[in-house]
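Since the structure comes first, as structure tokens, the remarks are kept for the end.
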Amino acid sequence: MDLLLMIVISCAYGVILCCLLLFSGHGVDGVAYNYKASIECLAEPQHVQYKGGKLINPKFDLGLHGWEGMGGAKIEIRKSFSRNNFMVAYNRNEYNATFSQKLFMEKGYYYTFSAWVRVSEGSETTVSAAIITKENSKRVIASGNVYPGCWTMLKGGFQPEFPLPTELYFVCYNKTVDFWVDNVSLKEFNKTEWLQHQQRAITRVRKRKIVLDIKDKLGKPIRGVKVNIKFTKPYFHIGCGVTDTLLQHKKYQEWFLKKGFTASVFTNQMKWYWTESRRGIENYTIPDAMFQFFKKNKIEIRGHTVLWDKPKMNQYWLHDMTPKELLATAVRRLASIMARYSNDIFEWDVVNENLHFKFFEEKIGAQASGMFYHIAHVIDPNATLYLNEFNSLEIPGDVYAGPHKYINKWREIRSYPGNEDLTIGFGLQAHFGLGKPLMPYIRAVLDFLTETQMPIWLTEMDVPNNSNQVVYLEEIMREAFSHPGVEGIIVWAPWKPGINCTSLCLMDDNFNNTPAGDIVDKLMAEWRTLDLNGKTNSEGLYRYDGFLGDYNVVLYDPHSLNKVTRQIKITNKDPNPIVIPISI
């Protein structure tokens with residue numbers, strides 16, 4: 001064959017291959033995101049992710065090549081019982097006396113990190129992975145708890161805002177032990193690849209291929225039946241927090257209903273200090289009125305919050321009680337609010353912020369939260385109970401609220417007698433600060449929590465009012481919606497008239513959208529199935545791709561003149577594709 005012709009054919013083949021890869025959603029390099037995260041402590045580390053990404057010698061098959069000792073530590077390669085190489089830092093006198101690798105991070109890329117870590121002896125220890133930034137300061141990109149005798153997975157990530165020559169290293173907060181690491185990975189994805197991951201996940205998790213199978217009374221397929229489909233309610237909840245100003249402003253109520261939110265939460269009006277500011281005098285007038293508005297309009301309500309572990313958020317008269325008095329009073333509070341709204345509140349934050357604070361544990365005992373969740377389930381067995389915490393998504397460096405700590409608290413509560421099979425969801429407040437939210441870290445946290453097979457919500461999500469607010473808001477909402485483990489988002493944007501908006505506001509005092517309001521509207525519209533009209537084929541089938549949720553289906557047979565209306569609910573429990581038989 002002519003050489004020039006061979007080159008042309010080869011180039012054409014390459015173009016076609018690239019197009020196929022791009023069309024498939026895997027990008028030119030074909031690398032999909034790995035949602036896998038281990039929440040167990042294992043005898044041997046699992047395989048390295050992404051073959052280590054851009055790291056040199058990630059499995060230590062080449063000895064110490066590419067790695068250096070840090071903080072005065074000595075480092076060496078050892079072998080496990082299975083003859084697997086791992087790296088050890090010993091003779092440690094500083095927390096950061098571990099090991100490091102120099103590398104370069106590109107601006108605009110999403111870097112996902114993972115590693116397997118362990119300590120030689122002692123008890124549970126907190127460790128972090130970090131990078132050195134342009135200002136020569138530390139930025140934590142993952143953290144967790146490690147133990148002697150087994151390996152723990154760290155997972156996290158980072159997004160540099162400028163080209164960054166940096167150093168990846170570890171911190172172990174026990175200087176008396178040897179620190180072990182294996183199978184380290186730092187994989188970069190560009191923005192196109194990251195968005196492709198999201199779109200593939202949305203198609204897989206949030207949508208179904210739906211087939212209407214239309215037959216007559218004799219079971220024969222009917223061709224040419226006119227089909228009208230209207231999407232009436234999404235399965236994935238997007239809601240908004242409100243205050244009692246809702247009761248005084250008819251236009252606020254109209255605005256809320258027009259938005260199409262399917263859930264809400266009262267920012268303060270169900271909290272204990274609101275309903276019983278003075279001991280023994282309860283007042284539910286305002287929350288009752290708010291509750292009736294949402295119940296009338298068939299909007300789900302998250303109960304926030306029954307108890308709060310933060311000392312200063314508890315009434316002064318609670319602080320002076322004996323442990324026995326406080327326990328009895330807290331149980332009375334549980335019974336008062338939960339029985340009042342039982343079967344109508346679909347989710348309860350039972351003990352708020354019990355990772356950072358321990359008001360009830362310090363006064364009643366270490367099992368206080370476990371006991372409260374047990375009692376809550378007895379009072380309202382149909383509601384899903386939640387933990388609710390800040391900084392778990394927002395700040396990788398908060399060692400009190402990382403995913404390992406959160407899962408340990410969840411296990412602790414489920415270890416209380418009677419709680420072993422209790423569904424306890426993870427509430428992530430998602431109060432982001434002024435800096436750029438770290439999408440790879442957010443995704444890694446959601447990966448970890450999803451491994452528990454418990455529901456996850458972003459319960460109080462907001463972004464400060466700054467020049468990047470709408471960009472960050474959209475990124476966070478897309479990341480949450482696309483993740484398989486998340487079931488809902490509450491946008492924390494309560495409105496009060498005449499208040500200068502320094503946080504997240506969706507509208508102004510005239511109920512006109514802010515730019516942030518436009519973003520929320522855009523996403524909610526994007527994640528709905530458009531109205532559909534068509535006809536069944538020769539097999540009596542009508543196929544469409546639709547988001548999970550409720551549909552109103554109207555069928556009209558022009559031959560028999562029969563008309564049928566059906567309500568269809570598609571959930572994440574349904575197969576894909578799902579065939580729905582309808583007789584007309």
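Start at 1 with the first residue, then count along the sequence. As a basis for the values below, the full set of heavy atoms in this structure was taken, side chains included, without hydrogen atoms, waters or symmetry mates.
Cation-pi geometry between Arg302 and Tyr386 is met: the NZ or CZ atom falls under 6.0 Å from the ring centre, inside 45° of the normal. Judged by the 6.0 Å distance and 45° axis criteria, Arg443 is positioned over the aromatic ring of Trp194. The side-chain tip of Arg206 points at the ring of Phe481 from less than 6.0 angstrom away and within 45° of straight on. Judged by the 6.0 Å and 45° rule, Lys107 forms no cation-pi pair with Phe162. A cation-pi contact, defined as under 6.0 Å to the ring centre and within 45° of the axis, is absent between Lys187 and Tyr111.
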### Message
Applying salt bridge (Lys or Arg N to Asp or Glu O under 4.0 Å) to Lys363 and Asp309, what does each step give before you reach the verdict?
### Response
CA-CA 11 Å; Lys363 289 185 172 290; Asp309 240 342; over 6 Å; no
### CA sep, side-chain torsions, deciding dist, call: Glu68, Lys102, salt bridge (Lys or Arg N to Asp or Glu O under 4.0 Å)
CA-CA 9 Å; Glu68 300 175 357; Lys102 291 182 171 64; 3.2 Å; yes
### Query
Ser100 and Glu167: side chain to side chain donor-acceptor pair (under 3.5 Å), yes or no, with the steps?
CA-CA 6 Å; Ser100 68; Glu167 196 168 358; 2.6 Å; yes
### Task
Using the side chain to side chain donor-acceptor pair (under 3.5 Å) rule, take Gln367 and Glu412 through it: C-alpha gap first, then chi angles, then the decisive distance, then the call.
CA-CA 8 Å; Gln367 291 275 13; Glu412 172 194 305; over 6 Å; no
### Task
With salt bridge (Lys or Arg N to Asp or Glu O under 4.0 Å) as the test, would you mind laying out the steps for Glu420 and Arg414 before giving the verdict?
CA-CA 5 Å; Glu420 295 85 357; Arg414 280 169 49 107; over 6 Å; no
### Query
Could you walk me through whether Glu475 and Lys436 pass the salt bridge (Lys or Arg N to Asp or Glu O under 4.0 Å) check?
CA-CA 10 Å; Glu475 287 180 344; Lys436 182 177 179 61; 3.6 Å; yes
### Message
If you apply the rule side chain to side chain donor-acceptor pair (under 3.5 Å), what do you find for Glu389 with Gln429, and how did you get there?
### Response
CA-CA 6 Å; Glu389 197 57 65; Gln429 292 182 12; 5.5 Å; no
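Between His356 and Phe390, the ring-plane angle classifies as parallel under the 30° and 60° cut-offs. Classified by interplanar angle (parallel below 30°, tilted 30° to 60°, perpendicular above 60°), the ring pair His304/Trp492 is perpendicular. Trp180 and Trp151 have tilted rings, their planes meeting at an angle from 30° to 60° on a 0 to 90° scale. Ring geometry for Phe99 versus Phe179: interplanar angle under 30°, hence parallel rather than tilted (30 to 60°).
Taking 4.0 Å as the cut-off between side-chain N and carboxylate O, Lys155 and Asp447 count as a salt-bridged pair.
For an aromatic pair to be called close, the ring centres must be under 6.0 Å apart, and His377 with Phe372 fails this. Proximity of the aromatic rings of Phe60 and His65 is defined here by a centroid distance below 6.0 angstrom, and this criterion is not met. Aromatic ring centres of Phe426 and Tyr406 lie closer together than 6.0 Å.
The minimum heavy-atom distance between Met87 and Ile75, with the atom names listed, is SD-CD1, 4.4 Å.
Side-chain contact check for His431 and Glu460: at least one donor-acceptor pair (N or O, by modelled atom type) lies under 3.5 Å. Judged purely by distance below 3.5 Å, without hydrogens or angles, the side chains of Tyr400 and Asn391 never pair a donor atom with an acceptor atom. Side-chain N/O atoms of Trp116 and Gln46 include no donor and acceptor closer than 3.5 Å. Between the side chains of Ser369 and Glu361, at least one donor-acceptor pair of N or O atoms lies under 3.5 Å.
Atom CD of Glu76 and atom CG of Asp178 lie 8.5 Å apart (nearest 0.5 Å). In this structure, the separation between CZ on Arg478 and CG on Leu473 is 10.5 Å, given to the nearest 0.5 Å.
Within a 6.0 Å radius of OH in Tyr109, no more than 12 heavy atoms belonging to other residues, nucleotides or ligands are found. Few gaps surround NZ on Lys175; more than 12 heavy atoms of other groups in view lie less than 6.0 Å from it. Heavy-atom neighbours of Phe81 CZ from other residues, nucleotides or ligands within 6.0 Å: at or below the threshold of 12. The number of heavy-atom neighbours closer than 6.0 Å to NZ of Lys312, taken from other residues, nucleotides and ligands shown, is 12 or below.
Glu40 meets the side-chain hydrogen bond (donor to acceptor under 3.5 Å, both in side chains) test with Arg411; sequence neighbours excluded.
Applying the side-chain hydrogen bond (donor to acceptor under 3.5 Å, both in side chains) rule to pairs touching residues 52-62 yields nothing, sequence neighbours excluded.
Just one residue in the list Ile131, Leu55, Leu154 forms a side chain to side chain contact (heavy atoms under 4.5 Å, CB included) with Phe113, and that residue is Leu154.
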